[in-house]
Chemist: 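Sharing a structure, written as structure tokens. Questions coming.
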Amino acid sequence: MLAFTLLALAGLPHQGLAQAWPGRVTISLNGAFQATSSTFEDDLTFLHPNSGNIPGEEAAVETRYEVPTGALFDGGAVVRLAGNFGLGVSVSMANGTNDVEIVARIPHPLLIGAHRQVEGAVPARHVERGIHVQAVYRVAATERLYFAFSGGPSHFNVEQKVVSAVTASESYPFDTATFASANLQVLQGTGWGVNTGVDAGWMFTRRFGVGGLLRYSKGTVSLAPTGREVREIDAGGLHAGIGARIAF
């Protein structure tokens, strides 16, 4: 979409590109959709009631979590500095729930080195907030239609649930076990990344209009589970949305 827009603008008269913004400040309010996802994988060991403090008899867990796609809110403002150049700040907020897929090896209560594998899943919520600072170059295709190209740094705040322990159901002779439940720990972290995008607006009047947003952002956030090494989770993705445009 970005390449197509650039090609279209290349064919516009120079006079159209030089038109001034309708105001000093443009505010955007969008209902958007996160179209891309990422996968967060985590592994841990913990002392199980069957471990008996015997080295090597800890329970081992591997988890996989696909960050959910879905609806989000995106809003921001751009201030014109000079000519077609401006500075903007946008905020995106998203949350969703997906299952954490779990594969665990649970120690045998009677035998050493006889772990049983159990598999299960539990729902976990993912919350992500992004602040996107943008240098903006805006051009007018017609008196009503404009395109604003942007890019800059992004700061992310992520809240993610991770597995801290797994409980299994078992009965004599304990040759097999089945997944019963998992303990979850809520982690929060922040990190930096980058963003680039394009906003297309159609102004019904000098002050009010509608627009479409396409932005890609990417960053890395560090999460610190209790008693374990720091884990990293990807943040951002492709956001597409539509909403109101208000100029002052």
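Every value quoted in this text rests on a predicted model; they were computed, and no experiment measured them.
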Chemist: Side-chain heavy atoms under 4.5 angstrom apart, residues restricted to Ile, Leu, Val, Met, Phe, Trp, Tyr: same cluster for Val127 and Leu187?
Modeler: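 Each belongs to a different hydrophobic cluster.
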Chemist: Would you sort out whether Leu111 and Phe174 count as a side chain to side chain contact (heavy atoms under 4.5 Å, CB included), showing the intermediate values?
Modeler: CA-CA 9 Å; Leu111 303 174; Phe174 308 112; over 6 Å; no
Chemist: So, for Asn30 and Gly243, which heavy atoms are closest and what is the spacing to 0.1 Å?
Modeler: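 That closest heavy-atom pairing would be OD1-N, 3.3 Å.
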Chemist: Taking the side chain as every heavy atom from C-beta outward, state whether Met203 and Thr142 have any atom pair closer than 4.5 Å.
Modeler: no
Chemist: Among Asp199, Ile27, Leu29, Val78, which residue satisfies the side chain to side chain contact (heavy atoms under 4.5 Å, CB included) criterion with Arg245?
Modeler: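 Filter result, single survivor: Asp199.
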Chemist: Out of curiosity, does Phe33 fall in the hydrophobic cluster containing Leu214 (side-chain heavy atoms, cut-off under 4.5 Å, transitive links)?
Modeler: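 No; Phe33 is not reachable from Leu214 via cluster members.
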Chemist: Among the clusters formed by ILVMFWY side chains lying less than 4.5 Å apart, do Leu44 and Val166 turn up in the same one?
Modeler: yes
Chemist: Using side-chain heavy atoms (C-beta onward) and a distance below 4.5 Å, is Val122 in contact with Ser181?
Modeler: no
Chemist: On a heavy-atom basis, which atom in Gln160 and which in Leu223 lie closest, and how many Å separate them?
Modeler: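 Heavy-atom minimum between the residues: CB-CD1, 3.9 Å.
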Chemist: With a 4.5 Å cut-off on side-chain heavy atoms, are Glu159 and Arg125 touching?
Modeler: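 Yes, at least one pair of side-chain atoms sits under 4.5 Å.
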Chemist: Decide yes or no for Arg228 and Asp42: does some side-chain heavy atom of the first lie under 4.5 Å from some side-chain heavy atom of the second?
Modeler: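 Contact flag for Arg228/Asp42 side chains = yes.
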Chemist: Kindly give the heavy-atom pair with the smallest separation between Phe156 and Ser217, and that separation in Å.
Modeler: CZ-OG, 3.8 Å
Chemist: With heavy-atom distances below 4.5 Å as the criterion, would you say the side chains of Val61 and Thr45 are in contact?
Modeler: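 They are not in contact (no side-chain heavy atoms under 4.5 Å apart), so the answer is no.
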Chemist: Identify the two heavy atoms, one from Glu128 and one from Asp234, that lie closest to each other, and give their separation to 0.1 Å.
Modeler: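 Taking Glu128 first and Asp234 second, the nearest heavy atoms are OE1-O, 4.4 Å.
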Chemist: Quick check: closest heavy atoms across Leu238 and Tyr216, and the distance to 0.1 Å?
Modeler: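 Of all heavy-atom pairs spanning Leu238 and Tyr216, the closest is N-CD1, 3.8 Å.
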Chemist: Do Val25 and Val79 come close enough that some side-chain heavy atom pair is under 4.5 Å?
Modeler: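 With C-beta onward as the side chain, the pair touches.
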Chemist: Show me the donor-acceptor pairs, under 3.5 Å and distance only, between side chains in residues 85-101 and residues at least two apart or in other chains.
Modeler:
| residue | atom | partner | partner atom | Å |
| --- | --- | --- | --- | --- |
| Ser90 | OG | Arg215 | NH2 | 3.3 |
| Ser92 | OG | His132 | NE2 | 3.0 |
| Asn98 | ND2 | Glu66 | O | 2.7 |

Chemist: Going hydrophobic residue to hydrophobic residue with side-chain gaps under 4.5 angstrom, can you get from Leu145 over to Phe149?
Modeler: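 They do share one cluster, since a chain of ILVMFWY contacts under 4.5 Å joins Leu145 to Phe149.
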Chemist: Would you say that His126 contacts Val158 through its side chain, given a criterion of any heavy-atom pair below 4.5 Å between the two side chains?
Modeler: yes
Chemist: Do Thr196 and Gln134 come within less than 4.5 Å of each other through their side chains, counting heavy atoms only?
Modeler: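 Sidechains of Gln134 and Thr196: no contact.
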Chemist: Under a 4.5 Å side-chain heavy-atom rule over Ile, Leu, Val, Met, Phe, Trp and Tyr, are Tyr146 and Ile246 clustered together?
Modeler: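 Tyr146 and Ile246: separate clusters.
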Chemist: Which pair of heavy atoms, one from Phe147 and one from Ala141, lies closest together, and at what distance?
Modeler: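 Shortest heavy-atom separation between Phe147 and Ala141 comes out as CE1-CB, 3.9 Å.
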